[in-house]
Amino acid sequence: MADPSRPSPVPGPGAGFAFMGLGASLLAAGSYLGLFVAPRESYMGDVYRIMYAHVPTAWNTMLAFTFAFGAALAFLLSANFKWDARHEAAVEVGVVMAGLLCLQGSIWARPTWGVWWDWDPRLTTTAVMFFAFVGILALRRFVEDPVKRATWSAVATIIAYADVPIVYYSVRWWNSLHQMQSSPETVSAVFVIPLRTNAFGVLFFMTGLITLRTRIASLRLRQEMAPPLPEPAPVLAPGAAR
Amino acid sequence: MPGAILASVARGRYDAGPMTNPDAIDARGLCRRYGRRWALVDVSFRVAAGTSVMVAGRNGSGKSTLLRIVSTAIRADRGTARVLGHDIRAERETVRRRTALLSHASYLYESLTALENLAIAARFLGREARRAALLPLLAEVELAERADDAVSTFSAGMRKRLALARTLLQEGGLVLLDEPYGELDPPGFRLVDRLFGTLRARGCAVLMATHLLERGAALCDEGIVLDGGRLRWQGPARDLPSLGGLDPATLPEGR
Amino acid sequence: MTQLLAALRKEWLLQSRAFAALLAVLVFGATALLLFSFAVGPNYDLLRGNAPGFLWLALLLSSTLTLAESFQAEMEHRALEGQLLLPATATAVYYAKALANWAQLTVLGIAMVPLMVALYDATMPRPLALLGIIALGAAGLSAPGTLYAAMTQQARSRQTLLPLLLFPLVVPVLIAAVKATSLLMLGDPMGQVWSWTLLLVAFDAIHWSLCGLLFGRVVED
């Protein structure tokens, strides 16, 4: 099982903040390009501009859960708790991203199709993943033992991740009447550049968040798995001669 | 974990051939925590092959935790142990095959009869599970006439007897008994004494946790005392009753 | 193989004493079916159209009860730990338990069908095919359900955790089983039942192998 005898040193928060800063500046640049430089789209008007936030979020949400899956697998294979810390961070950030994604999807669906939720397979799969991984976060809260918590949640993450493609295809067939909206594969660089900039912005911002969250998880794990205190010195009876 | 095994070979500790007659238990620095509390801290001791050791200590001193770690029911957070020459982590299955644990939990199903409970264990062991094969075992713990009654109708003492019978089903080189006298009546005490003798005659090593110092001291060769999860005393079992209770303040120094 | 047989005999013994519990779960499922009809109102067209969905929702809700129940006896006096120390193979214990749960859920599902027919005026043109769909859907619920029940029965607030973990996971089972059932009941002009059956088979194959592989990690300390 675990070998907690040599806890790896926990690095400072600097790298995480650096990633977040880089991500934020890329996001600012990309959003400026998307909101003010890119032209209006002929069918959807200005509403389409949410795409510059929505599509990068979607890509990176999938990336976060993939990283969580990899970390869970690495923990089960190596029993190294640094992977448990990364797993916890990735699931948590992934859940926040998935929640954001559902929110953006609703905001987009309302003016475009007139409903808040349109049972699009990608969006619905995201919602299912959101609930599946929220369940895993709950599981982590309810298990005190660090080894069991790490192992069980890793098992749950692997199963939930393996479930994603099946959920996607089942929702797609189920809702086959719905027209698949095409991904924005507009060729013009004026559309593509802000999209790519924001994609990397979200990626770096998310990486920063995961790095910082990993650090917190590692610090807590180190506390939880600290070695026992040395034996207390025997208390001398009052007045006993030394 | 082949790496760990190779490392042990390099240190010359992995020599558990049948000719060397390894220790029944060789525990080094065992630690275990539940939540934020350490239940067992740095416990090292040995049980030579074929000998018996009693574990004494007050409630919550870590006796059950120690027995459960050695039986591989729970992990050790730190430290390691070799049981009959086999590492409790790397060779867990072998350790399990060669040890039997009488636990605090009875390992029984309430809704099934005494005989059915034994039959389930016997089948997993790949042993004869027919009525005729198991009845003698029940007779040994004086439960033969209740063989077809559901465990839910049993008293605490009868459950203990049935759990004892289940432990006897396993043939191993090491038997771990956690409070075998608990909940038993005086005939039950004598029954445990008798079974203890049988196990010793088979050549089994026995590690027994008990509060009955005189009784344990009369049966066991060595004794260890735990307090607050730490090993406080180690010596011949016959010296245990004269230690003046198990108050750690009055325990003499020394290992 | 001996291990699997031993584990199956154990499940058989346990199940044979748990008939009353199964009956209680069936009553729960029947109550759920009755309650669903109040959500729709006494409109036979609506009820008939929704009958497959109600059937599977009732079975899903009942499954959390039987799944949790199936590990209750194992944890009560730590019987499962006792078996693992014999040593019993965790994989054998898992597959026997999952098969027992599958059998229970299939029986429950079949028993609910006549009730559904009576309450919702549903038609039943292909009973054998429906039996197959119920068996496949029950298998999809029992494989991950058995694993998560083993996990949550050892954790705090087990009652909430099991559905929280299980329900999002079995969305494909619910979708595929409901679709297939309604195609069987209301007619299947384009022969789509097969693709839904295939989806169920794929789900079952993935989860029966994956969960069996991971069960040992869940029950060992």
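In the text below, chain A, chain B and the rest are named by the order of the sequence lines, each starting its count at 1. Nothing here was measured: the structure is a model prediction, and the numbers come from that model. Heavy-atom basis, side chains included; hydrogens, waters and symmetry copies ignored.
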What's the separation between atom NZ in B/K160 and atom CG in B/L191, rounded to the nearest 0.5 Å? 12.0 Å
Within the side chain of C/S142, is there an N or O that forms a donor-acceptor pair under 3.5 Å with the backbone of C/A98? yes
Kindly indicate, with the supporting measurements, whether the criterion salt bridge (charged side-chain N to carboxylate O under 4.0 Å, His left out) is fulfilled by B/R92 and C/E220. CA-CA 11 Å; B/R92 196 174 62 191; C/E220 294 289 355; 3.5 Å; yes
What pairs with C/T31 under side-chain hydrogen bond (donor to acceptor under 3.5 Å, both in side chains), at least two apart in sequence or on another chain? none
Of C/S16, C/A18, C/A7, the largest count of non-hydrogen pairs under 4.5 angstrom with chain B goes to C/A7
Does anything in residues 88-109 of chain C pair up under salt bridge (Lys or Arg N to Asp or Glu O under 4.0 Å), and if so which pairs, sequence neighbours excluded? C/E11-C/K97, C/E74-C/K97
Greater than 12 external heavy atoms within 6.0 Å of C/E69's CD: no
Are the side chain of B/Q170 and the backbone N or O of B/R166 linked by a donor-acceptor pair below 3.5 Å? no
For chain B, which residues of residues 161-178 of chain C have at least one non-hydrogen atom nearer than 4.5 Å to it? none
What part of B/R68 is in contact with chain C, defined as an atom under 4.5 angstrom from a non-hydrogen atom: side chain, backbone, both or neither? side chain
Please round to the nearest 0.5 Å and tell me the distance separating atom CG of C/L128 and atom CD1 of C/I133. 12.0 Å
Is it the side chain or the backbone of B/T113 that comes within 4.5 Å of chain C heavy atoms, both, or neither? both
In terms of the angle between their ring planes, are B/F189 and B/Y181 parallel, tilted or perpendicular, with boundaries placed at 30° and 60°? perpendicular
So which part of B/R32 gets closer than 4.5 Å to some heavy atom of chain C, the side chain, the backbone, both or neither? side chain
Within residues 78-94 of chain C, which positions have a heavy-atom distance to chain B below 4.5 Å? C/R78, C/A79, C/E81, C/G82, C/Q83, C/L84, C/L85, C/L86, C/P87, C/A88, C/V93
Working note: B/L102 + B/Y107, criterion side chain to side chain contact (heavy atoms under 4.5 Å, CB included); need CA distance, chi angles, decisive distance, verdict. CA-CA 9 Å; B/L102 174 76; B/Y107 294 158; over 6 Å; no
For B/D185 and B/R161, what are the C-alpha separation, side-chain angles and deciding distance, and is it a salt bridge (charged side-chain N to carboxylate O under 4.0 Å, His left out)? CA-CA 11 Å; B/D185 50 3; B/R161 284 164 186 265; 3.0 Å; yes
Side chain, backbone, both or neither: which part of B/L101 has a non-hydrogen atom closer than 4.5 Å to chain C? side chain
Here the pair of heavy atoms bringing B/R89 nearest to B/A76 is NH2-O, 2.9 Å
